[in-house]
Amino acid sequence: MPELPEVETVRAGLARHVLGRTVTAVDVRGPRTARRQAGGAADVVGRLTGRTLTAAVRRGKFCWLLLDEPDDALLVHLGMSGQLRVRPPASPDEPPGTHLRARLSLDDGSALDFVDQRTFGYLAVPELVPTPDGAPGGLGSDLAAVPAPVAHIARDLLDPALDRAALAAALRRRRTQVKRALLDQTLVSGVGNIYADEGLWRARLHGARPTDSLRPVEAARVLDETAAVLRAALAAGGTSFDALYVDVDGGSGWFERELAVYGREGLPCPRCGTPVRREAFANRSSYSCPRCQPRPRVR
DNA sequence: ACCGGTCCCTGTTAGC
DNA sequence: TGCTAACAGGGACCGG
């Protein structure tokens, strides 16, 4: 699934391949692709055609390409199955796949394809708004602005401008469970179900721990360990994935080799050998070690 | 302001 | 074998 490491891999690929290119034509298909744009697909096409792509930026799981006027951007969210693929100039003219949602034709004959099976992803061309703290809006640009739909998204764990101490304090002020807090993109962004479980395992915390019961050292530890998981996944993604291809079926080498608990019900905990347990969590699943991560007492 | 539940969607897989 | 149901997931949205 495209979470922070996968989206960052995509961003870096875009930075290498499409910056400086001008959009010569835009084809948007499917009723959901432009659903976040007030004017719909026609508005996306109108705002994008003829523009030049000047920077590739990311915050959390949101990625955007700055356009040649510094007041808007092409915003992309990959949802749970989205891909951005660069088609080189003069590449074989294959028929568009059933899941092709948009194609940007570029002035060197290449194309940027947005492919999305489950349609949770979307494209939009929103206005930019200033960041409250005046710091750069995301990784990949010094511009102190973000697309309007990203304004409420917190900085992510790999953001150089993140205030880690303030985040740990904010985490402890929440009145919820620690896993819910890790997944709350308005508190800290980029963490999904997989990396939340892996970070909690590394920090030896159960996801149901009330945030206001975390000791300061525990709050710092779960943030540090989750950041470490993200960095390790990013490093693996950089080596095992093709330039702009992230395998949404999860078949990458990193997932096979490095995941400690996620998706591993019944398999031994890498630390103590106890079989990994699976529990229902918010209409999905949580994986943890029963011994390393004891369930907190109900308060 | 904060918190938790629901819904959006479709391909794959498990179970009957 | 063929069908149905569960499952995967992020975030907008809404009610409390």
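Hydrogens, waters and symmetry mates play no part in the numbers below; they use all other heavy atoms, side chains included. Sequence lines set the chain letters: A, B, ... in the order given, protein chains first and strands last, and positions in each chain run from 1.
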Chemist: Strictly below 4.0 Å, heavy-atom distances to any atom of DNA chain C: list the hits from residues 55-63 of chain A, or just say none.
Modeler: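 Result for residues 55-63 of chain A: A:Lys61, A:Phe62, sorted by number.
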
Chemist: Run the salt-bridge test on A:Lys61 and A:Asp156 with the 4.0 Å N-O cut-off and return the result as yes or no.
Modeler: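 Between A:Asp156 and A:Lys61 there is no salt bridge, as every charged N stays at least 4.0 Å from the carboxylate O atoms.
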
Chemist: May I ask you to say whether A:Arg164 pairs ionically with A:Asp224, meaning some side-chain N is under 4.0 Å from a carboxylate O?
Modeler: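 Counted as a salt bridge, because a side-chain N and a carboxylate O are separated by less than 4.0 Å.
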
Chemist: A:Asp197 CG to C:dG10 P: how many Å, rounded?
Modeler: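 To the nearest whole Å, that distance equals 11 Å.
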
Chemist: Would you indicate whether the side-chain heavy atoms of A:Leu234 and A:Leu230 approach each other to under 4.5 Å?
Modeler: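 Heavy-atom side-chain distance check fails, nothing below 4.5 Å.
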
Chemist: How about A:Arg291: does its CZ atom have over 12 heavy atoms from other parts shown lying under 6.0 Å from it?
Modeler: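 Incorrect, the count does not exceed 12.
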
Chemist: If you fit an axis to the five pairs at each end of the helix from B:dC2-C:dG16 to B:dC16-C:dG2, how big is the angle between those two axes, to 10 degrees?
Modeler: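 Here the local axes at opposite ends form an angle of 50°.
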
Chemist: Could you walk me through whether A:Leu78 and A:Phe114 pass the side-chain contact (heavy atoms from CB on, under 4.5 Å) test, one step at a time?
Modeler: CA-CA 9 Å; A:Leu78 298 176; A:Phe114 175 55; 4.1 Å; yes

Chemist: What's the CZ-P distance between A:Arg36 and C:dG10, to the nearest Å?
Modeler: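 Roughly 16 Å, once rounded to whole Å.
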
Chemist: How does the hydrophobic cluster around A:Leu75 look, that is, which other residues are in it when side-chain heavy atoms under 4.5 Å mark a link?
Modeler: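 So far as hydrophobic clustering goes, A:Leu75 is joined with A:Val57, A:Phe62, A:Trp64, A:Leu66, A:Tyr122, A:Leu128, A:Val129, A:Leu143, A:Val146, A:Val150, A:Ile153.
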
Chemist: From the 5' end of DNA chain B to its 3' end, which nucleotides mark the outer limits of contact with chain A, defined by a 4.0 Å heavy-atom distance cut-off (strictly under)?
Modeler: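 Contacts span B:dC3 to B:dG11, reading 5' to 3'.
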
Chemist: Hey, is the main chain of A:Thr22 close enough, under 3.5 Å, to the side chain of A:Asp107 for a donor-acceptor pair?
Modeler: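 Judged by distance alone, yes, a pair lies under 3.5 Å.
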
Chemist: Could you state the CZ-P distance from A:Phe281 to C:dG10, rounded to the nearest angstrom?
Modeler: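 The distance from CZ of A:Phe281 to P of C:dG10 comes to 10 Å, rounded to the nearest Å.
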
Chemist: Return yes if a side-chain donor-acceptor contact under 3.5 Å exists between A:Ser81 and A:Asp116, otherwise no.
Modeler: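 Result is yes, a qualifying pair exists.
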
Chemist: If you look only at pairs with a residue in residues 142-184 of chain A, which of them pass as a ring-ring contact (aromatic ring centres under 6.0 Å, His included), with sequence neighbours excluded?
Modeler: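 Listed once each, the pairs would be none.
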
Chemist: Does the side chain of A:Thr119 pick up a donor-acceptor pair with the side chain of A:Arg101 at under 3.5 Å?
Modeler: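 A:Thr119 vs A:Arg101: no donor-acceptor pair found between side chains.
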
Chemist: Any ion pair linking A:Arg47 and A:Glu127 (charged N to carboxylate O, less than 4.0 Å)?
Modeler: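 Looking at A:Arg47 together with A:Glu127, the answer is yes, because their closest N to O distance falls below 4.0 Å.
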
Chemist: Rounded to whole angstroms, how far apart are CG on A:Leu182 and C1' on C:dG10?
Modeler: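 After rounding, the gap between these two atoms is 15 Å.
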
Chemist: From CD1 of A:Ile153 over to C1' of C:dC13, roughly how many Å is that when rounded to an integer?
Modeler: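 Atom-to-atom, A:Ile153 to C:dC13, this comes out as 14 Å.
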
Chemist: Determine, step by step, whether A:Glu3 and A:Ile194 satisfy the side-chain contact (heavy atoms from CB on, under 4.5 Å) criterion, reporting the C-alpha distance in whole Å, the side-chain angles of both residues, the deciding distance to 0.1 Å, and the verdict.
Modeler: CA-CA 9 Å; A:Glu3 300 185 27; A:Ile194 296 171; 3.6 Å; yes

Chemist: For DNA chain C, determine which residues of residues 132-141 of chain A have any heavy atom closer than 4.0 angstrom to one of its atoms, and list them numerically.
Modeler: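 When residues 132-141 of chain A is checked for heavy atoms under 4.0 Å from DNA chain C, there are no hits whatsoever.
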
Chemist: Check the distance between C:dG10's P and A:Asp156's CG and give it to me in whole angstrom.
Modeler: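 One finds 15 Å between P of C:dG10 and CG of A:Asp156, rounded.
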
Chemist: For DNA chain B, whose closest nucleotide is more 5', that of A:Asp184 or that of A:Thr98?
Modeler: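 Nearest nucleotide further toward 5': that of A:Asp184.
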
Chemist: What I want to find out is whether A:Asp184 reaches A:Arg180 closely enough, with some N-O distance under 4.0 Å, to be called a salt bridge.
Modeler: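 Salt bridge: no.
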
Chemist: Grab the CG-C1' distance between A:Asn283 and C:dA6 for me, whole Å please.
Modeler: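 Going from A:Asn283 (CG) to C:dA6 (C1'), I get 12 Å.
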
Chemist: Counting the atoms with a prime plus P, OP1 and OP2 as sugar-phosphate, which does A:Arg173 contact under 4.0 Å by heavy atoms, base, sugar-phosphate, or nothing?
Modeler: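 Answer is nothing: A:Arg173 stays at 4.0 Å or more from every strand.
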
Chemist: For A:Tyr122 and C:dC13, what is the distance between atoms OH and C1' respectively, to the nearest whole Å?
Modeler: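 Taking atom C1' of C:dC13 as the reference, OH of A:Tyr122 is at 13 Å.
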
Chemist: Can you tell whether the side chains of A:Asp68 and A:Arg51 come within less than 4.0 Å, N to carboxylate O?
Modeler: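 Yes, this pair counts.
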
Chemist: Under 4.0 Å: is that the gap between some side-chain N or O of A:His77 and OP1 or OP2 of C:dA12?
Modeler: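 False: A:His77 side-chain N/O out of range (4.0 Å or more) of C:dA12 OP1/OP2.
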
